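Everything below concerns the one structure shown next.
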Protein chains: 2
Amino acid sequence: MPHTYEYPRPALAVDCAVLGFDEGDLKVLLIKRGLEPFKGKWALPGGFVRLDESLDVAARRELAEETGLTHVFLEQLYTFGEVKRDPRGRTVSVAYFALVKLGEQQVQAATDAQAAQWFSAEQAPALAFDHARILETALGRLRNKVRYVPIGFELLPRKFTLTQLQHLYEAILGRALDKRNFRKKALALGVLEATKEQEQDVAHRAARLYRFDEETYAKLVKKGFNFEL
Amino acid sequence: MPHTYEYPRPALAVDCAVLGFDEGDLKVLLIKRGLEPFKGKWALPGGFVRLDESLDVAARRELAEETGLTHVFLEQLYTFGEVKRDPRGRTVSVAYFALVKLGEQQVQAATDAQAAQWFSAEQAPALAFDHARILETALGRLRNKVRYVPIGFELLPRKFTLTQLQHLYEAILGRALDKRNFRKKALALGVLEATKEQEQDVAHRAARLYRFDEETYAKLVKKGFNFEL
DNA sequence: CCATAATAGTGTAGTAGAAACACTAAGGAG
DNA sequence: CTCCTTAGTGTTTCTACTACACTATTATGG
């Protein structure tokens with residue numbers, strides 16, 4: 001069946017706000033644009049959607065092409081469709097929100113990106129298009145979501161200490177948390193499994209390493225638990 | 001500056017999941033399609049985005065054109081972009097979520113809709129395209145959102161009784177609530193203003209009418225209050 | 001090897017909010 | 001004036017959140 005609708009169409013892009021956590025604060029992954037417009041400026045990785053791929057697939061493809069990242073946590077964020085947001089002409093962008101375990105994969109620029117680099121998310125450089133707004137939206141989503149869903153584990157290595165987890169939450173929420181209360185609550189969720197291992201190469205008492213137990217988590221979700229932390 | 005990207009583009013549509021509340025349960029506004037594909041089937045109101053209008057504007061325009069509704073609460077919901085979701089060819093749809101105060105406006109079908117009609121949201125008829133999934137997503141958003149934001153007032157007349165409010169929350173959350181606790185909590189929010197009026201034409205003790213005080217609400221939001229109910 | 005520095009790890013008491021629960025008040029209908 | 005229907009109201013119990021300070025362990029450096 002042919003399309004009966006024959007008006008001109010906006011271009012359709014995907015852009016990814018990729019967040020990581022390191023050295024006590026949130027990072028965002030930016031690429032340096034190799035093409036006009038905004039050539040030489042920092043931007044979120046992204047590109048145009050092809051006819052034969054879904055939006056999710058397009059987002060993963062662009063992310064892999066421009067930064068080398070694969071197998072990251074990815075979900076749709078918001079669709080930005082102001083008329084003048086792209087100087088080339090009408091372009092609608094479906095923004096995605098990605099979380100990566102920093103240190104497990106190296107990023108490498110490719111295709112039309114000159115460079116890919118992590119920046120502090122709170123003080124990123126000026127961005128191309130309306131990407132600053134997309135980034136703001138992503139940080140807001142993270143702040144909200146982390147209160148109800150144990151999503152923070154997507155930002156930590158597979159094994160982590162409770163102090164690392166606490167620092168992550170403090171960075172996301174922007175305020176200090178009480179150590180004893182935090183540990184009590186975190187363990188009470190029932191999705192942290194203590195390993196027999198400890199932190200290595202530290203100049204003080206070594207902390208126990210925990211891992212996030214996805215199986216237990218999945219079971220609890222089915223029972224309707226919610227996971228405020 | 002010309003577009004450098006010249007691949008074929010998906011068509012871009014908006015669709016609105018319009019929810020209302022009446023007779024103790026949630027309703028959704030559907031239109032009967034006047035054109036192929038799915039001619040004669042029920043669907044969410046929606047249509048294609050024009051080059052000179054933002055997504056929000058497109059959603060309001062289509063809603064007004066097909067159902068006559070204006071000045072409704074409207075926010076973006078999710079963007080649906082599976083490859084095969086439209087038999088005419090690749091079409092991406094930005095879905096919107098609308099809440100209307102039922103009884104304040106009459107709906108009337110127009111343009112390419114043969115009819116516009118309210119249905120029970122939980123047991124709507126079979127829908128065109130992937131609109132059933134969009135409706136599910138909208139109901140989920142409502143259920144979630146209503147727990148943190150006093151959004152329910154968008155679904156009630158300007159003046160309402162506490163019992164009406166409670167029934168609304170019960171319909172959204174799908175469970176019974178305790179009357180005394182509910183009233184205590186609702187009033188404790190500080191955004192309900194008692195009017196001097198009462199319910200009319202009821203065959204029993206008349207209930208006091210309240211109204212939602214948007215000004216107080218705006219002030220409290222600024223102070224960072226949250227509004228679980 | 002002893003002292004120091006750094007972070008890990010732990011419990012309790014007080015307070016505030018959530019949940020459970022049943023009767024009296026008011027008004028219209030017959 | 002009786003009955004039916006819904007409005008409106010407090011208290012107690014239990015649970016969850018908050019505030020708060022010391023001991024334990026390990027590496028380092030004198």
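Lettering follows sequence order; numbering is per chain, from 1. As the structure is a computational prediction, the values presented were derived from the model and not from experiment.
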The criterion is side chain to side chain donor-acceptor pair (under 3.5 Å); which residues satisfy it with [X], sequence neighbours excluded?
| X | answer |
| --- | --- |
| A/Ser93 | A/Asp15 |
| B/Arg211 | B/Glu193 |
| A/Gln114 | none |
| A/Lys159 | A/Glu197 |

key: Sugar-phosphate or base contact per nucleotide [nucleotides 4-12 of chain D; S, B, -; heavy atom under 4.0 Å]   = -BBBBBBB-
ask   = When you match B/Val202 and B/Glu228 each to their closest nucleotide on DNA chain C, which lands nearer the 5' end?
value =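 Whichever sits nearer the 5' end wins; that is B/Glu228.
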message = Holding to side-chain contact (heavy atoms from CB on, under 4.5 Å), I want the full list of residues that pass it with B/Thr137, two or more places apart in sequence or in another chain.
response =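 So B/Thr137 forms a side-chain contact (heavy atoms from CB on, under 4.5 Å) with B/Leu77, B/Tyr78, B/Phe80.
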key: With A/Leu187 via side-chain contact (heavy atoms from CB on, under 4.5 Å) - residues at least two apart   =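 Scan of A/Leu187 (side-chain contact (heavy atoms from CB on, under 4.5 Å), adjacent residues dropped) gives A/Leu162, A/Leu192, A/Tyr210.
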request  = Measure the angle between the two terminal helix axes of the helix from C/dC1-D/dG30 to C/dG30-D/dC1, five base pairs each, and quote it to 10°.
outcome  = 0°
request  = Extract, from 5' to 3' on DNA chain C, the first and final nucleotides lying under 4.0 angstrom from some heavy atom of chain A.
outcome  =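 Nucleotide range in contact with chain A: C/dA6 to C/dT12.
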Expected list for residues 144-156 of chain A: side-chain donor-acceptor pairs under 3.5 angstrom, two or more places apart:
{"unit_1": "A/Lys145", "atom_1": "NZ", "unit_2": "A/Glu75", "atom_2": "OE1", "d": "2.8"}
{"unit_1": "A/Lys145", "atom_1": "NZ", "unit_2": "A/Glu75", "atom_2": "OE2", "d": "3.1"}

Distance, nearest 0.5 Å, that separates CG of B/Leu189 from CD of B/Glu228 = 10.0 Å
Tabulate below the donor-acceptor pairs under 3.5 Å that side-chain atoms of residues 215-222 of chain B make, not counting sequence neighbours, or state none.
{"unit_1": "B/Thr216", "atom_1": "OG1", "unit_2": "B/Asp213", "atom_2": "OD2", "d": "2.7"}

Which atom pairs, donor and acceptor, lie under 3.5 Å between side-chain atoms of residues 126-134 of chain B and protein residues at least two apart or in another chain?
{"unit_1": "B/Asp130", "atom_1": "OD1", "unit_2": "B/Arg85", "atom_2": "NE", "d": "3.4"}
{"unit_1": "B/Asp130", "atom_1": "OD1", "unit_2": "B/Arg85", "atom_2": "NH2", "d": "2.9"}
{"unit_1": "B/Asp130", "atom_1": "OD2", "unit_2": "B/Arg85", "atom_2": "NE", "d": "2.8"}
{"unit_1": "B/His131", "atom_1": "ND1", "unit_2": "B/Leu44", "atom_2": "N", "d": "3.0"}

ask   = What is the distance, rounded to the nearest whole Å, between atom CG of A/Asp201 and atom P of D/dA27?
value = 10 Å
